[in-house]
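See below for the structure under consideration.
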Amino acid sequence: MEKVKITLPDGSAKEYDKGITPLEVAKSISGRLAKETLIAEIDGIMKEINTPINNDCELKLYTFNDEKGKETYWHSSSHLMAHAVKELYPEAKFGVGPAIDNGFYYDIDINEKLSEEDLVRIEKKMKELIEKNEPFKRKELSKADALVFFNEQKDEYKLELIDGLDENTTAISLYNEGGFTDLCLGPHLPSTGYIKYFKLLSVSGSYWRGDENKARMQRIYGISFPKQKMLTDYLEFIEEAKKRDHRKLGKQLDLFSIHEDAGPGLIYWHPKGARVRNEIEDFWKKEHLKNGYDLLYSPHIGKAQLWETSGHLSHFKENMYSPMEIDEQDYYVKPMNCPFHILIYKTDLRSYRDLPLRWAELGTVYRYEKSGVLHGLLRVRGFTQDDAHIFCTKEQIEDEIIEVIRFSNYMWKSFGFESLKYYVSTRPEKVTGNDELWEQATNSLKKALEHEGLEYEIDEGGGAFYGPKIDIKIKDALNREWQMSTIQFDFNLPERFDMTYIGEDGKEHRPFMVHRALLGSIERFMGVLIEHYAGSFPVWLAPVQVAVIPVSQNYFDYAQKIVSSLLDENIRVKFDKRNEKIGYKIRDWETQKVPYMLIVGDKEETNNTISIRKHKHGDLGESKLDDFISELKSSIKNRNNNN
RNA sequence: GCUGACGUAGCUCAGUCGGUAGAGCACAUCCUUGGUAAGGAUGAGGUCACCGGUUCAAUCCCGGUCGUCAGCUCCA
């Protein structure tokens with residue numbers, strides 16, 4: 001029998017009989033691997049694990065623990081779901097059904113409106129299909145034959161997809177499983193029986209190709225796993241995320257509100273939310289001053305002329321609010337702070353000796369956002385950017401970018417976010433600024449990241465029209481990613497405002513301009529922060545740090561002394577004088593997620609002590625007030641985030 | 001903005017197949033002065049999102065508007 005040499009990722013190579021499948025190779029390695037292998041990569045091409053191998057090759061095997069394994073698993077799951085839908089609704093037509101970060105979806109066109117109950121029916125049908133354990137069979141058709149096939153199916157969406165495929169495509173792949181055939185590049189799991197535990201999560205509206213002018217479809221989301229525990233864990237994760245929802249916690253903890261009558265997407269900070277925000281902003285300002293920034297304040301409105309010069313009226317108008325007329329002149333509320341900062345720049349003749357200038361402002365901007373996209377604190381119409389603009393020379397840009405990256409890391413770590421991901425967005429098609437500028441700026445972004453030893457991904461063509469950028473995404477306690485920081489070059493505004501500095505050579509030069517926001521916006525940041533900590537803020541940020549609870553009115557005097565001592569130390573303290581039992585008060589402060597409760601009664605007054613109860617930890621026993629204060633103060637000073 | 005669902009007391013939610021509404025928590029008063037997650041009694045609270053229509057009668061049915069939620073698209 002002829003042999004083939006198969007090289008595995010660890011570099012080891014072995015000879016097998018020609019025609020062996022990846023699954024059989026897996027078996028030869030270990031039974032467990034064979035059981036868990038979902039998909040194979042043969043010489044860089046993804047293939048089913050029952051594909052015969054006829055040539056020497058490099059082989060990689062993927063299980064559910066690999067991204068590629070997961071993707072296949074979910075992709076096949078979406079096919080299975082579509083099959084179940086087709087069985088229940090024979091007239092159904094199908095759009096696209098990919099795997100996504102967490103699970104899969106399929107866009108479906110049926111007349112009937114699907115409800116939660118329908119999802120249960122579909123799930124039941126899926127279970128039946130899984131039990132049949134039908135193999136996923138690949139079939140290749142010519143473009144013409146594929147068109148005929150889907151024409152028979154009356155599925156205009158698939159026809160459109162095929163139509164969009166390259167004219168030279170010789171073979172269009174279809175997958176069939178138990179009588180259900182779908183257009184699909186593949187590859188798939190060997191059979192439906194591989195899909196073990198799944199749940200359909202939701203159904204919502206979508207559009208064919210994401211275009212609201214095209215056909216409306218219904219999108220069913222689902223998730224599937226090879227192990228029961230994985231599914232249970234995932235469903236628990238969803239529950240946990242719901243519990244942490246900042247909109248819910250914002251109400252529960254009395255942090256902020258939004259008033260539909262007064263205007264959606266506009267945030268009202270209550271005393272406690274404002275307190276947290278104030279701590280964040282204080283810290284932010286101090287750190288900026290330490291890092292060589294100066295702070296600015298600028299107005300909220302400016303004449304149309306300014307926004308014309310800046311280009312906002314031609315590029316950003318749909319996000320700006322209608323102008324107001326003042327002395328027969330149109331004024332616009334600012335959607336960005338940059339033009340104002342530039343005006344300040346231009347109040348003086350700048351020398352290269354003045355650069356870099358780093359100017360920061362917690363600038364509140366207003367942008368029109370479509371009503372359907374508003375979301376608690378995360379997507380609003382009025383928000384405060386932790387904005388800064390850096391004006392510098394060509395020679396300075398790389399160091400400046402490095403500093404911003406370091407500063408950003410420092411800020412995120414200070415707030416307890418450890419995991420950051422970097423994305424460099426490069427030149428889109430339509431741009432301002434010449435190629436050389438783009439090239440230089442993009443390289444400086446990459447070099448800065450490399451200099452810091454940070455890995456990054458490239459978002460090809462994802463830059464703004466005015467310059468390339470670095471976006472930083474952070475991961476929260478539930479491992480969810482949020483896009484927050486951004487560092488953007490701007491070749492447009494210095495040009496439009498004719499910004500200059502006098503160089504060493506005595507001639508005028510154009511400064512480089514970098515916009516950057518570290519936290520993004522204070523509103524969004526606080527939304528993420530609330531969810532990250534599930535409302536239990538670390539002591540340094542907590543709106544109320546300590547609640548003092550006397551056992552009864554008899555100890556009010558002693559409790560008042562404690563309260564006064566804490567206030568003297570600038571500790572945010574509440575004196576609970578309510579006519580309630582301490583069990584009731586403890587429950588109340590516990591649900592308000594206050595870090596410490598100090599309980600004082602007869603024992604404490606006699607011993608001149610306090611009893612400390614820590615949020616989520618319970619009774620810590622008696623202690624001297626001075627000891628407690630010094631520990632608390634050190635935790636605040638160090639911005640200790642582990643509580 | 002688009003699709004769908006929803007909008008009842010400060011909060012969380014019942015309810016009325018058309019006859020102007022109810023619970024728990026919170027709040028107020030009183031009793032109780034209590035030792036680590038809810039002591040008791042009494043009471044006050046609602047133009048049932050808003051505007052129209054149908055009807056003897058609308059919180060309920062119909063239309064519109066606003067808003068919220070799940071998505072789509074977009075973004076800090």
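So that the names make sense, note that chain A is the first sequence line, chain B the second, and so on, each numbered from 1. These numbers come from the heavy atoms of this one structure, side chains and all, not from hydrogens, waters or symmetry mates.
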Of the candidates B:A26, B:U32, B:A37, the side chain of A:Asn579 sits closest to B:U32
What nucleotide among B:G1, B:U33, B:A70 has an atom nearest to a side-chain atom of A:Ser202? B:A70
From B:G67, B:A37, B:A76, pick the nucleotide closest to the side chain of A:Arg379? B:A76
Which part of the nucleic acid, if any, lies within contact of A:Arg247, taking any heavy atom under 4.0 Å across all strands shown: a base, the sugar-phosphate backbone alone, or nothing? sugar-phosphate
Can you check whether any acceptor in the base of B:A38 is under 3.5 Å from a donor in the side chain of A:Glu590, or vice versa? no
In whole angstrom, what separates A:Leu518's CG from B:A76's C1'? 12 Å
Any strand is fair game: report the nucleotide pairing with B:G34 by Watson-Crick or G-U wobble, both distances under 3.5 Å, or none. none
Using a cut-off of 4.0 Å on non-hydrogen atoms, how would the nucleic acid contact of A:Glu318 be classed: base, sugar-phosphate, or nothing? nothing
Separation of A:Tyr558 atom OH from B:G35 atom P, in whole Å? 18 Å
Would you state whether a donor and an acceptor, one from the side chain of A:Glu260 and one from the base of B:U68, lie under 3.5 Å apart? no
Proximity to the side chain of A:His375 - top-ranked nucleotide from B:A37, B:A76, B:A70: B:A70
Please check if atom CG in A:Asp282 has more than 12 non-hydrogen atoms from other residues, nucleotides or ligands closer than 6.0 Å. yes
Aromatic contact between A:Trp307 and A:Phe340, with the criterion being ring centroids under 6.0 Å apart: yes or no? yes
Where the side chain of A:Arg524 is defined as all heavy atoms beyond and including C-beta, which of B:A38, B:A76, B:C31 is the nearest nucleotide? B:A76
What's the gap between B:G19 and B:A58 when it is taken at their C1' atoms, as a whole Å value? 10 Å
Counting only side-chain heavy atoms from C-beta out, which of B:C75, B:U73, B:G67 sits nearest to A:Val373? B:U73
What nucleotide, of B:G1, B:G34, B:A76, holds the atom closest to the side chain of A:Ser552? B:G34
Using a heavy-atom cut-off of under 4.0 Å over every strand shown, decide if A:Asp602 touches base, sugar-phosphate, or nothing. base
Strictly by Watson-Crick or wobble contacts shorter than 3.5 Å, is anything paired with B:C69, and which nucleotide is it? B:G4
Any chance the rings of A:His532 and A:Phe417 have centres within less than 6.0 Å? yes
Taking only the side-chain heavy atoms of A:Tyr221 (C-beta and beyond), determine which of B:A76, B:A38, B:G71 contains the nearest atom. B:G71
Report the base-pairing partner of B:U59 (Watson-Crick or G-U wobble, both distances below 3.5 angstrom), or none. none
With the side chain defined as heavy atoms from C-beta on, A:Ser521 is closest, among B:A76, B:C69, B:G39, to B:A76
Quickly work out the A:Ile108 CD1 to B:G71 C1' distance and round it to whole Å. 14 Å
Under 4.0 angstrom, heavy atoms only, what part of the nucleic acid is A:Met217 near: base, sugar-phosphate, or nothing? nothing
Do A:Phe556 and A:Phe575 have ring centroids that are under 6.0 Å from one another? yes
Testing B:C69, B:U36, B:A76 for proximity to the side chain of A:Glu369, the answer is B:A76
Using a 4.0 Å heavy-atom cut-off across all strands, classify A:Glu580 as base, sugar-phosphate, or nothing. base
What orientation do A:Phe391 and A:Trp359 show, parallel under 30°, tilted 30 to 60°, or perpendicular over 60°? perpendicular
On a whole-Å scale, what distance lies between the C1' atoms belonging to B:A21 and B:U59? 9 Å
With a 3.5 Å limit on both atom pairs, tell me what B:U47 is paired to, counting Watson-Crick and G-U wobble, or say none. none
Salt-bridge criterion met for A:Glu279 and A:Arg572 (N-O under 4.0 Å): yes
For B:U54, which nucleotide in any strand shown is its Watson-Crick or wobble partner with both distances under 3.5 Å? none
By the Watson-Crick or G-U definition, both distances under 3.5 Å, B:G24 is matched with B:C11
Over all strands shown, is A:Asn319 touching base, sugar-phosphate only, or nothing at heavy-atom distances under 4.0 angstrom? nothing
